[in-house]
Amino acid sequence: DVARPRRGRADEDDPFPRSVLLREDEERDGHGDLGAQARRGPRRSRLGHTRGITFTSPVDGRVMFVLPMGDHSYVGTTDTDFAGDPDQVQISPADEEYLLRSVNAIFPHARLSPEDIVTSWSGLRPLLAEDPSTHPDAISREHRIETGPLGMVTVTGGKLTTFRRMAGEVVDRVFQQLGAEPVTAPTEAEPLVGGEAPSWDSFRQSGLDLGLSDTTMDHLIRHFGTETAAIVNLVRNDRTLMARIHPEHPAVAAEVLQVVRRELAVTVEDVLARRSRCLLLDARASIEAAPAVAAILAEELGKDAAWQS
């Protein structure tokens with residue numbers, strides 16, 4: 001997150017921008033606010049939708065969404081002020097009630113209750129708050145770029161959907177600070193890793209021919225694109241790697257090796273939360289899958305039995 005081009009320095013989207021700014025300028029007034037967001041994931045069959053749906057909550061008129069996420073429905077979000085320990089952010093009973101009331105009003109046949117929730121997650125994002133009393137719903141999602149007295153270039157606010165524009169503007173500011181001419185980055189026209197092919201049929205069929213299931217191949221292509229070929233090759237060389245990490249999740253052992261070797265995964269949480277997304281889809285299944293994932297990681301990374309436990 002921190003770049004040091006000769007004498008420039010950039011800090012991008014720290015969820016606690018105030019603390020970073022104060023390290024550079026102790027006299028500065030903080031201008032950031034923290035919003036905690038909560039999301040829930042029931043089984044998609046309960047709602048019966050196949051596409052993403054945006055609606056306004058009948059509870060308070062806020063914009064919400066229900067998105068298909070594999071076999072689950074991804075329901076969100078809430079916005080709540082947060083001033084505590086970032087390691088302790090979690091969905092509250094009030095957040096849960098709000099999301100359930102909202103989605104049940106739009107899908108009355110679902111009759112969702114807390115028992116239908118498979119998993120939930122929440123996180124922090126920085127917001128620009130000119131007035132500390134402003135409710136998170138009313139705070140702008142625009143971003144601001146500033147240069148501090150010691151040369152720190154900081155971007156605060158913004159949102160995920162504008163990350164490319166924010167990054168480009170920060171880089172331009174750093175170039176300006178260094179007295180260099182900004183260059184046009186080619187990344188806007190370049191596909192992400194795995195997105196180079198116009199069709200996935202051949203990748204899918206190669207896995208099916210080895211005995212991988214339809215659901216596993218759909219999962220791999222959705223997450224890895226053309227990189228699926230590398231995972232299929234691992235299975236071709238060692239058929240034990242086609243075993244699922246959990247009976248209820250389509251990820252396989254070969255996928256764990258792939259993310260360790262190519263995507264810098266080094267912990268069980270890296271694999272289950274940040275790569276396979278198993279933790280976001282089914283927390284119970286992830287807990288049950290953790291020992292098997294730890295064993296694969298330990299062998300690949302040369303860890304001992306104590307590390308696995």
Side-chain angles (χ1 to χ4, degrees), residues 13 35-80 91 95-125 127 136-137 139-143 158-166 188 191-195 197-201 204 214-226 228 248-251 272-283 285-286:
D13 219 11
Q37 291 190 304
R39 301 166 173 86
R40 281 296 196 179
R43 296 286 182 184
R44 186 152 59 95
S45 59
R46 294 296 302 275
L47 303 183
H49 66 110
T50 58
R51 299 187 179 185
I53 298 170
T54 302
F55 63 95
T56 55
S57 169
V59 177
D60 60 1
R62 286 189 66 250
V63 175
M64 295 183 59
F65 57 79
V66 176
L67 303 176
M69 195 173 184
D71 293 332
H72 300 76
S73 293
Y74 170 16
V75 180
T77 67
T78 64
D79 271 309
T80 309
I91 188 169
D95 290 329
E96 179 181 275
E97 180 183 2
Y98 171 82
L99 293 174
L100 288 174
R101 285 179 60 196
S102 298
V103 77
N104 277 331
I106 303 300
F107 298 90
H109 63 279
R111 298 182 181 179
L112 295 178
S113 69
E115 289 70 31
D116 295 309
I117 304 304
V118 177
T119 189
S120 64
W121 64 96
S122 56
L124 296 175
R125 67 176 180 182
L127 302 172
D137 289 352
I139 297 176
S140 170
R141 268 48 175 176
E142 294 299 312
H143 62 278
K159 53 186 179 180
L160 183 62
T161 53
T162 59
F163 78 95
R164 182 185 291 275
R165 180 161 63 91
M166 292 166 62
E188 186 172 3
L192 297 175
V193 174
S199 172
W200 315 111
D201 294 345
R204 191 174 190 277
D214 288 325
T215 53
T216 289
M217 290 312 302
D218 289 342
H219 161 79
L220 293 177
I221 290 171
R222 185 168 60 250
H223 284 77
F224 295 94
T226 58
T228 298
E248 297 180 12
H249 195 277
L272 294 176
R274 304 182 184 95
R275 305 302 194 278
S276 70
R277 299 293 188 178
C278 183
L279 184 60
L280 298 184
L281 295 174
D282 195 326
S286 292

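FYI, side chains are in, hydrogens and waters are out, and symmetry mates aren't considered; it's all heavy atoms of this structure.
Side-chain contact check for S122 versus T77: every heavy-atom pair is 4.5 Å or farther apart. Two residues are said to be in side-chain contact when any heavy atoms from C-beta on lie closer than 4.5 Å; H249 and S276 meet this criterion. Within the 4.5 Å cutoff, the side chain of M64 has no heavy atoms near those of the V103 side chain. Inter-residue side-chain proximity for F107 and V75 is flagged as unmet; no heavy-atom pair is nearer than 4.5 Å. A heavy-atom distance below 4.5 Å is not found between the side chains of R46 and S73.
Across every non-hydrogen atom of P58 and I106, the tightest pair is CG-CD1, 4.2 Å. The minimum heavy-atom distance between G158 and M166, with the atom names listed, is CA-SD, 3.8 Å. The two residues P191 and G195 have their closest heavy-atom pair at CB-O, 3.6 Å. Heavy-atom minimum distance, I91 versus D95: CG1-CB, 3.5 Å. Residues A197 and T226 come closest through the heavy atom pair CB-CG2, 3.5 Å. Residue G52 comes nearest to P68 through the heavy atom pair N-CD, 3.5 Å, listed as atom of the first residue, atom of the second, then distance.
For the atom pair OH of Y98 and CZ of R62, the computed distance is 4.5 Å after rounding to the nearest 0.5 Å. Taking NE2 from H219 and CG from L281, the interatomic distance works out to 9.0 Å, rounded to the nearest 0.5 Å. Rounded to the nearest 0.5 Å, atoms CZ (R222) and CH2 (W200) are 13.0 Å apart. Of the inter-residue distances, the one linking L100 atom CG with R111 atom CZ reads 15.0 Å to the nearest 0.5 angstrom. Put simply, CG on L99 and CG on N104 are 10.5 Å apart, with the number rounded to the nearest 0.5 Å. Taken from CZ in R204 to CG in D214, the straight-line distance is 4.5 Å, to the nearest 0.5 Å.
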* To do: List the steps, then state whether side-chain contact (heavy atoms from CB on, under 4.5 Å) holds for L47 with L112.
  => CA-CA 9 Å; L47 303 183; L112 295 178; 3.9 Å; yes
* Asked: Does the pair W121 and L279 meet the rule for a side-chain contact (heavy atoms from CB on, under 4.5 Å), with working shown?
  -> CA-CA 9 Å; W121 64 96; L279 184 60; over 6 Å; no
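Between the side chain of T54 and the main chain of V63, no donor-acceptor pair closer than 3.5 Å is present. No side-chain donor-acceptor contact under 3.5 Å links T215 to the backbone of P250.
When the side chain to side chain contact (heavy atoms under 4.5 Å, CB included) test is applied to R277, the partners found at least two apart in sequence or on another chain are H223, L280.
Ring geometry for Y74 against F65 counts as perpendicular: the plane angle is over 60°, on a 0 to 90° scale with 30° as the lower cut.
More than 12 heavy-atom neighbours from other residues, nucleotides or ligands sit within 6.0 angstrom of CZ on R274.
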